[in-house]
Amino acid sequence: MNIKQFSIWLNSHQSNCLILIFLSIGSLLSCTTKSVPSFQENNLEQFRPSYHFSPAKGWMNDPNGLVYLDGEYHLFFQHYPDSTVWGPMHWGHAVSKDLITWEELPIALFPDSLGYIFSGSAVYDEKNSSGLGSTTNPPLVALYTYHNLKGEKAGTIDFQTQGLAYSVDKGRSWRKYEGNPVLDNPGIRDFRDPKVTQVTTADGNTTWVMTLAARDQVQFYQSANLKDWSLLGEFGQGIGAHGGVWECPDLLSMKAPDGSQKWVLLVSINPGGPQKGSATQYFIGDFKQGVFTPDDTMIRWLDYGPDNYAGVTWANLPSTQNRTLFIGWMSNWLYAQVVPTPTWRSALTLPRELLLFDVDGTLLLKSAPAKELEKLRVKSYDLSGKESLLPSTAVEILAEVTRDDNFSMMLSNELGEEVIISKEMGLVTVDRRKAGKASFHPDFAAAHAAPMSWEAKTLRIFLDGSSLELFVNEGELVITSLLFPSSPWKKLTVQQGLGGIEIFDLTK
Ligand code: FRU
């Protein structure tokens, strides 16, 4: 029976018993709040997520230009609309009012004679410091990297420069600045991904600071007007992971649990991540006058899964939100261009709130699912036995850990494909070795383990068309993992050490 026939069969048989027999689930199914629904495939293309952002068609990589303005979260992204593999980069554009539903808008930035439009950021220039808008209608200003293919092909090393574009109509149309590039290449081959933030100086004034990836380090630049930039300092030599080039940095001012101000530097690295290929490391320390001083030399990873890369945070969130909001590209350069999605490639992670927390005197960064995601919970089912059917392909699972030293649960389908989430000997693991389609790349079928020396108390797991995001203790440890099951996940089995399971259907 193929997938379609199977789904028609299920839709015409509403009885849980029949489903149980069909799936040969030996043990008792128990749903105390509501009866378990029959499995329904959603109408979306196979693997297409329902509540994660993915482009309507074509290729996507990094999120870019994240900025909030007048009730809208703007999301730009590395985009090649004409193919499902990487190519001439544009900035695609989407907006959301609630971080759950995204509306894709026309492409914001097209390649031009200076090059492809690589990653970068956007800010709201409220005081019109750039002079590109007016004080009554301040501009959105985007800083991005020009990647000049001709220069690269000619064997030069200075083919990446920084460009500027601005919008005075809430991001609906963009104009490139005629003085581009605003930052020339000083002779550095990998010189890209400007992330601009507003920093308050010692005298109480504000200035713009650009953090830029340069080889396997970052550079900090300063500007009063977003157009003229001067080098302040560099960071990264001899510290952190250096298995690949550094990309997409982000400098964040955050509060530690004791109320003190800290600076956090996110740096994506490719290759050289803990699970092979791409990953994001971070440093915690102090930032003054262009000098970033880390508290220690520990290597820290934002997400221990293989599929969260190039993530950055939103600019200009209202101060009432009082949060640092992040989103990443849910893929890995190892296999991003060959994953089995025929008309589109890649989705972004869930939006996540970054927070500092303390483990035995060491500060770490946690990524909690944005609180808005709770609005997706349309129906809930309690599981008091060991097994349950999943109501759809868009699901959130909550679990309480009853045995921190040894827990595990399994998601499976009728084809015998499975993914196992466990903790044993201080390692939290998401094992996708038997999780379905994997022949497209030799490194895809793997178990991804993360060290967790402190106690795991709760799990929150989000499943969508082709992804699993595990948040232990509301994001104190995160594993983001793509999955391509040949037929959707249907069954959740608790093997040991977990209780209080709640399943939410997130079908929109
Ligand atoms: C990161 C990255 C960036 C670059 C962009 C190109 O994934 O390599 O460094 O700007 O992608 O698409």
Side-chain angles (χ1 to χ4, degrees), residues 55 58-66 75-93 107-112 114-122 142-149 151-152 157-165 181 183 185 188-196 210-219 236 241-250 265-273 276-281 302-303 306-312 326-337 339 345-349 480 482:
W59 168 265
M60 170 177 75
N61 56 294
D62 317 351
N64 295 151
L66 305 177
L75 161 66
F76 299 87
F77 52 93
Q78 287 287 277
H79 190 30
Y80 183 27
D82 302 329
S83 170
T84 48
V85 292
W86 190 89
M89 283 293 113
H90 301 56
W91 272 27
H93 188 194
I107 288 175
L109 297 174
F110 288 82
D112 61 46
L114 293 178
Y116 294 176
I117 314 294
F118 270 21
S119 287
S121 54
L143 276 299
Y144 55 86
T145 297
Y146 271 120
H147 178 93
N148 190 306
L149 201 69
E152 185 187 17
I157 57 164
D158 57 357
F159 52 85
Q160 293 187 337
T161 56
Q162 315 315 319
L164 185 154
L183 181 58
N185 187 303
I188 299 176
R189 195 172 191 285
D190 295 295
F191 185 69
R192 57 177 178 267
D193 308 338
K195 181 71 165 80
V196 176
M210 174 199 289
T211 310
L212 195 69
R215 296 185 209 91
D216 63 344
Q217 291 179 37
V218 296
Q219 293 188 330
H242 290 269
V245 72
W246 286 18
E247 300 183 313
C248 301
D250 196 356
L265 181 62
L266 305 181
V267 179
S268 284
I269 173 172
N270 178 62
K276 288 198 180 167
S278 323
T280 302
Q281 59 180 327
L302 185 71
D303 188 321
D307 298 308
N308 177 3
Y309 191 61
V312 282
F326 166 98
I327 201 162
W329 174 42
M330 195 151 60
S331 199
N332 188 314
W333 279 115
L334 269 182
Y335 42 71
Q337 305 194 70
V339 295
R345 275 219 176 90
S346 302
L348 299 181
T349 66
T480 302
L482 290 179

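In each ligand, atom 1 is the first atom listed, and ligand 1 is the first ligand listed. Counting begins at 1 with the first residue of the sequence.
- A salt bridge is absent between Lys195 and Asp193: the closest approach of a Lys/Arg side-chain nitrogen to an acidic carboxylate oxygen does not fall below 4.0 angstrom.
- Remark: distances from the non-hydrogen atoms of Asn61 to ligand 1 include one below 4.0 Å.
- The shell of residues lying under 4.0 angstrom from ligand 1, judged by heavy atoms, includes Trp333.
- Interatomic distance, CD of Glu152 versus CZ of Arg189, reported as 5.5 Å (0.5 Å rounding).
- In summary, of the residues considered (Asn270, Asn61, Asp307, Ile269), a side-chain contact (heavy atoms from CB on, under 4.5 Å) with Ser278 occurs for Asn270 alone.
- In summary, the side chains of Ser119 and Asp62 do present a donor paired with an acceptor at a separation below 3.5 Å, with no hydrogens or angles considered.
- Of all protein heavy atoms, the one closest to atom 4 (C) of ligand 1 is Asp193 OD1, 3.5 Å.
- Which parts of ligand 1 touch Ser119 is read off a 4.0 Å heavy-atom cut-off, strictly below it: atoms 5 (C), 10 (O).
- Every atom of ligand 1 is numbered from 1 in the order shown, and the set under 4.0 Å from a heavy atom of Phe118 is 4 (C), 6 (C), 10 (O).
- The distance from the NZ atom of Lys276 to the CG atom of Asn332 is 10.5 Å, given to the nearest 0.5 Å.
- For atom 6 (C) of ligand 1, the closest non-hydrogen atom of the protein is Gln78 OE1, 3.2 Å.
- The contact set between ligand 1 and Tyr309, taken as ligand atoms under 4.0 Å from a residue heavy atom, comprises 1 (C), 7 (O).
- Protein heavy atom at the shortest distance from atom 1 (C) of ligand 1 is Asp62 OD2, 3.0 Å.
- Aromatic ring orientation, Tyr144 versus Tyr146: perpendicular (interplanar angle above 60°, classes split at 30° and 60°).
- Close approach of ligand 1 to Met89 is summarised as follows: ligand atoms under 4.0 Å from at least one heavy atom of the residue are 12 (O).
- With ligand atoms numbered from 1 in the order given, ligand 1 contributes 6 (C), 12 (O) to contacts under 4.0 Å with heavy atoms of Trp86.
- Among protein heavy atoms, the minimum distance from atom 8 (O) of ligand 1 is reached at Glu247 OE2, 2.8 Å.
- Taking the six-membered ring where the residue is Trp, the centroids of Trp91 and Phe76 are separated by under 6.0 Å.
- Not one N or O of Trp329 is nearer than 3.5 Å to an N or O of ligand 1, by distance alone.
- Atom CG of Asp190 and atom CZ of Phe159 lie 7.0 Å apart (nearest 0.5 Å).
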